[in-house]
Amino acid sequence: MPQLPAPAYPAETHARLKADAEAIIARYPDSRSALLPMLHLVQSEEGYVTRTGMAFCAELLGLTTAEVTAVATFYTMYRRKPSGDYQVGVCTNTLCAVMGGDAIFDELKEHLGVGNDETTEDGRITLEHIECNAACDYAPVVMVNWEFFDNQTPDSAKRLVDDLREGRTVEPTRGAPLCTYKETARILAGFPDERPGAVEATGGAGPASLIGLKLAKGELPQQRVVHPRGQDGADAPDATGHAPSPAGHLSSHDAPQQTAPADPENPAGPVTGDGSEEGK
């Protein structure tokens with residue numbers, strides 16, 4: 001059945017959002033270029049992009065609701081249904097999956113009692129599997145409201161979501177302190193993060209991610225990046241200056257780590273035609 005037109009925001013809400021939207025629109029020579037940050041703005045109001053929010057964007061930008069809907073449904077950062085205070089995303093792309101991302105995602109689904117893109121009954125956690133976060137050096141990676149939690153295991157990921165549900169403070173591996181999903185959406189709309197110390201705490205890539213850049217800039221000699229394993233002095237810096245990452249913040253450069261296997265039912269290693277491991 002056709003849907004009725006989306007209800008308008010209450011007058012007070014409309015006026016407040018319109019003032020914010022006009023500040024966003026003023027940044028661009030063509031108003032329609034403001035659509036992406038405006039979708040984050042309306043998402044910050046209710047925690048997801050509602051039909052009312054899309055109609056609001058269309059009204060201010062002179063677009064049709066179909067044009068706004070086409071954009072809102074294309075990008076996965078825009079939620080289309082109510083979501084939790086904390087968006088917990090588990091990377092299940094190739095390297096994270098191999099290093100244990102699949103196992104983390106499966107155990108979190110069971111631990112939280114939700115499936116992919118579902119929210120816990122208390123409204124605290126929305127769980128989803130997500131695509132590559134460009135943090136492969138720290139696989140497997142979990143993100144909470146787009147902040148990094150590197151080198152996770154099923155147990156550490158379960159502790160993380162339990163702490164979030166109980167309101168305990170958790171610290172990302174890199175980046176600013178956590179805030180709610182609505183607050184994150186407002187920051188992504190381009191408004192300043194006014195929390196004391198939040199901007200200063202923002203971090204970037206870790207040392208393992210930057211070694212290639214240092215090589216390209218000539219800051220390190222053009223020699224072997226990964227030192228041979230199992231030899232005397234393997235834990236010492238090699239000719240490039242690389243040493244294993246600090247304890248507690250290891251990277252896949254230092255693999256193999258004791259992370260959960262991606263598929264505990266199937267041991268790693270070459271197998272014969274009958275499915276058994278070679279040499280056994």
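One-based numbering along the sequence shown. What you see is a predicted model, and the numbers here were worked out from it, not measured in a lab.
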* To do: Name the orientation class of the two ring planes belonging to Y78 and H40 (parallel below 30°, tilted from 30 to 60°, perpendicular beyond 60°).
  => tilted

* Please name the residue in the list L108, I104, D163 that meets the side-chain contact (heavy atoms from CB on, under 4.5 Å) test with K158. => L108

* Taking the six-membered ring for Trp, are Y181 and Y86 ring centroids under 6.0 Å apart? -> no

* In the single-linkage hydrophobic clustering (I, L, V, M, F, W, Y; side-chain heavy atoms under 4.5 Å), do L127 and L178 co-cluster? -> yes

* **Between T119 and T126, a side-chain donor and acceptor under 3.5 Å** => yes

* To do: Any pair with a residue in residues 76-88 that passes salt bridge (Lys or Arg N to Asp or Glu O under 4.0 Å), sequence neighbours left out, goes on the list, sorted by first then second residue, please.
  => R79-D117, R79-E128, K81-D117, D85-R124

* Asked: Taking all atoms of both residues into account, what is the closest heavy-atom pair of C91 and C96, and its distance?
  -> O-CB, 3.4 Å

* Asked: What's the shortest heavy-atom distance between A157 and Q152, and which atoms?
  -> N-OE1, 3.6 Å

* What's the shortest heavy-atom distance between I24 and A34, and which atoms? -> CG2-CB, 3.9 Å

* Asked: Can R168 and D162 be counted as an ion pair, charged N to O under 4.0 angstrom?
  -> no

* Asked: Got a salt bridge between E45 and R16, using NZ or NE/NH1/NH2 to carboxylate O under 4.0 Å?
  -> yes

* **Under-4.0 Å salt bridge between D30 and R32** => no

* Side-chain (E110) to main-chain (E107) donor-acceptor, under 3.5 angstrom -> no

* With V144, the side-chain contact (heavy atoms from CB on, under 4.5 Å) member among V88, I125, V161 -> V88

* Answer yes if the side chains of D155 and T153 hold a donor-acceptor pair under 3.5 Å, and no otherwise. => no

